[in-house]
Every structure is written in structure tokens, then in C-alpha cells.
Protein chains: 2
Amino acid sequence: MLNETAMAALEQTGANEPEKRIRDRSATERAILKAAKNLLAEEGFQNFGINAVARRAGCDKQLIYRYYGGLDGLVEAIGADLGNWVKDRIPEDTGGMFLLTYGDLMERLSLLFLEALRDDPLMRRIVAWEISENTEQVRRLSEARSKALGLWLDRMRGSLTPPKGIDPAAVNALIFASIQHLVLSAAAGGQCAGLVLKNGKDWEKAATALKRLVRGVYG
Amino acid sequence: MLNETAMAALEQTGANEPEKRIRDRSATERAILKAAKNLLAEEGFQNFGINAVARRAGCDKQLIYRYYGGLDGLVEAIGADLGNWVKDRIPEDTGGMFLLTYGDLMERLSLLFLEALRDDPLMRRIVAWEISENTEQVRRLSEARSKALGLWLDRMRGSLTPPKGIDPAAVNALIFASIQHLVLSAAAGGQCAGLVLKNGKDWEKAATALKRLVRGVYG
DNA sequence: CCGGTCTGTCACCAATCGGTGAGTAACAGT
DNA sequence: ACTGTTACTCACCGATTGGTGACAGACCGG
């Protein structure tokens, strides 16, 4: 007599199994990585574990240990992808605008970063993870992310120099911090510090406020 | 023959047990609440659970169910305390300064909030929790917190009005978002967006940058 | 003294977690 | 066709989780 799970398995294998990738290591590795990224993006780091990833990837967790050396290696692989984030999600050109001053630059970068983060749930989860835990895993993710971001900032800056008398590192840290927290808070609860952030109208207000903030310091 | 735990129990009860509060419900309730707050502040929301709280409170988890109706009720009790946060941690007076303009006010409030958040690990954990999860628990905590904060802001504002032509709600949301993310990021990893935040010198730089940001928009 | 209520403890449950060792099925080389 | 390697699955482990029912002892009113 067959139990229900066995019946279901038979049904699956017997009826329709369009892409039953079998014995393709690299494909399995890719499937695992993809499953991990999707899981992290959709569920957050709370329930991010070996079992959950394996379940979503449709394979045994043992393979994660074998191919990635456990969760740590898998997270590191995710971090390696982060290096490409900037070039994937943020346009290189200036959108037809001429960036004459440092203020022009920072205003544009701020808005680009805001939109990019708003559109990328995985990156949001990672940022939230960074400020919630301090394990080795997260530290490496954080490092990869800030490194990629710094590179992008340097590349976009070109030869523009910030106004004298102010500390651009500290000011920019505050600006980017505000963007990150605004987006994360909105993604989590639909508002930030009492400011509702749901429809496009709300975000336009936030964007103009951000512009004002940037222009206030950098002119 | 006695096992080791029994021996230890005998030793404890036999030798020295200064305050063995027995059958004091309100005291137990307070102990549970205190344990929950300390646990959340020290360990974060990741390992915040019934078992951990009971372990730290030194009582059975059953009592948490009985007295608080489970973790939800306990979290709600924590949220109720949050109403007192502002008046406990943030001074009422203006520090001998005269706040003549809205810019004066916001600069002072920003710095006060920065320091207060920096000194309160529990509040930091709650903020981190808010942007990491969206359960009913967290939503209520978040509500209590933003409500208390809004009240404080209203009370401190007095009759001062923001400059015309700008959206104070959006701008202030960005400012407070930047403070929160800066402090959380620093508490987690010692830096924020590449800006190291460890010793007092680093924080002074951040404070001046914050002042500049606020003054930039509000004059 | 007895019975009931309140406070607290303990033992147990199913589910899930990360982790490992053993076994199986498909492929390649000869 | 036999053999060894590679890709993969399965069954199990101890630990921990949230949750519950049963029980023991202190207290209080009668």
C-alpha cells in the first residue's frame, strides 16, 4: 500500500516533469543560489536557513554543504553578486543632464540610490540584516555592499570636488543613511516617522524633500 | 542519590537566598517585564522568545502565558513603557538656549534625539525590529513609539512655525531617518556607509554634519 | 481543620532547527 | 560489461522552539 506522499511523487514523475534537471552540478548550484536570493528577498533574514533554502531549491540540504560549504559560503556567494548590483540597477550616464557642481552630482546620486533601493527587495533585506545582527556572515555582506557603493560613488564623482569647509564623508553618510532608513521603514510598515509612504504621490514628496536636503548642504 | 541540579538547589536554598520572592505576583510580573526588556536590549529580537525570557526571569514560561497572555501581551507591555521614553531620556528644557527659529529648534531636537538613541540599546533594537519585520507585535510597538515621538515633537515645537515653501513632515522624516540609521548602523558594525563611528571624535564629526544638514534646509 | 484559590514548577508534546553518515542512481573511462 | 567517480537522496541525530495539562505548595475564608 502506498502512502499519500508516495502517490504524489508517482503522479509528479509519471505525469509531467518538464525540466527535470538531473545530474547537472552547475545548474544545481545556480538553482541553490537563486533560491537563496529569492528566499532572502521575500522572507527576510529571519527564516533564512539551510532547511528553508534547500526546500525552496528543491534539493537536499546536503548539497548546500557540499557545493557552498554551508550557509556561510552561500551568503558569501550572495555577497559576490552584490558587486554587480550597482552596474545592474543604477544607470551610468547622467540622464542627459550636465552635472556641473558637486550639489548637482549628489542630488542625482541620491535620487538614483533611492529608486534603486526601492526596487530591490533583496538589497533592502540585506541592509536590514546589517543593522540587526553582527555576525561574521553579515559583516562580509556589509563589507561587499559598502565597497561596491563606494566604488560607484567614486566613479560617478569624476573630478568634481565638494565645497570647502564641510565634511563630505559624514554628510554623505547621513544622506545615504536617511535614504536607506526611509526606504526600509516604508517597505516594512508603509511609513517612516509618521510620514506615509505608499503611493507615488507620497514618494514624490519624499524625493523633493531629499533634494532640498541635499541642496541645502551642497548648494 | 541526588543529582547535581538537586544538590545545587539545596545549596542555594540552604546557604544564602537573600530575596527569594515567593508567591508575589506583582513582583514576578515586574521581573518578567524587566527580563524581557533587558533580553531584547542585549540580545536583539532575533532570539527573543518565550523560553529565553522565562530563562532570564528565572521563572517558568507558563507564568508569562498566565500574566501577560504570551509573548504578544508581553511585547505590548513593553510598548506601554515606551510612552515614558521621551520624558525619561530627553530633557525638557532648552539647555539654557533660546530657540528663536524653527532651525534652532530642529537642530537641538536632532542632537537630543541622536544622543538619546545612542544611549538606549532597547530603543535601538526596537527600531531595528520595526524595519525588519511586519508582524502585529512589531506594528503595535512601532505605533506606540512614533506616537510618543510625535507628541514630544509637538510639545517642543511650541508656537514655532517652519519656513514656508518646504514640507516639514517629509524633511523631518528624512532627518530622523538619517539619525536612526546612523545610530543603528554604528551600533551594529561601528560604521555607516563607510564612515567610522566608534570614539567620541567620530561622533562629533557626525553631529556637526547633522547640524549642517539641518541648518541647510531650515536656515 | 478543611476546601478552594492563587502562585509557581514540572513533564511532556509536536515541530523545526543545523548537521552528518550512509546509501543509491547516473555517468565516464577502460 | 565492469569499475570508480560524481551527483544526489534519505534517515537519523541532539538541541531548541512554542505551547499545554497536570501537579505541588502557600495562603485565606469558612
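Chain A is the first sequence line, chain B the second, and so forth, proteins listed ahead of strands; every chain is numbered from 1. The structure presented is a predicted model; accordingly, all values stated were derived computationally and were not measured.
- Under a 4.0 Å N-O distance rule, the pair B:D119/B:R89 does not qualify as a salt bridge.
- C:dC10 atom C1' lies 12 Å from atom CG of B:L63, rounded to whole Å.
- Under a 4.0 Å N-O distance rule, the pair B:E136/B:R140 qualifies as a salt bridge.
- Taking atom CD1 of A:I64 as the reference point, atom P of D:dC8 lies 12 Å away to the nearest angstrom.
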Contact pattern, 5' to 3', of nucleotides 18-30 of chain D - B, S or - by protein heavy atom under 4.0 Å | BBBB---BB----
Under 3.5 Å, which donor-acceptor pairs link side chains of residues 41-51 of chain A to any protein atom two or more places apart or in another chain?
{"residue": "A:E42", "atom": "OE1", "partner": "A:R56", "partner atom": "NH1", "Å": "3.2"}
{"residue": "A:E42", "atom": "OE1", "partner": "A:R56", "partner atom": "NH2", "Å": "3.0"}
{"residue": "A:Q46", "atom": "NE2", "partner": "B:E133", "partner atom": "OE2", "Å": "3.2"}
{"residue": "A:N51", "atom": "OD1", "partner": "A:K61", "partner atom": "NZ", "Å": "3.0"}

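- Of all non-hydrogen atoms in B:L117 and B:M123, the two that sit nearest each other are CD1-CG, 3.7 Å.
- Here the C1' atom of nucleotide C:dG18 and the CG atom of A:L74 are 14 Å apart, to the nearest Å.
- Proximity of a side-chain donor or acceptor of B:S185 to a complementary backbone N or O of B:Q191 within less than 3.5 Å is detected.
- Between the CD1 atom of B:I32 and the P atom of C:dT9 there is a distance of 10 Å, given to the nearest Å.
- The number of heavy-atom neighbours closer than 6.0 Å to CD of B:E29, taken from other residues, nucleotides and ligands shown, is above 12.
- Not one side-chain nitrogen or oxygen of B:T28 sits closer than 4.0 Å to the OP1 or OP2 atom of C:dT7.
- Spacing between atom OH of A:Y68 and atom P of D:dA7 amounts to 13 Å, rounded to whole angstrom units.
- Atom CZ of B:R30 is separated from atom P of C:dG8 by 12 Å (rounded to the nearest Å).
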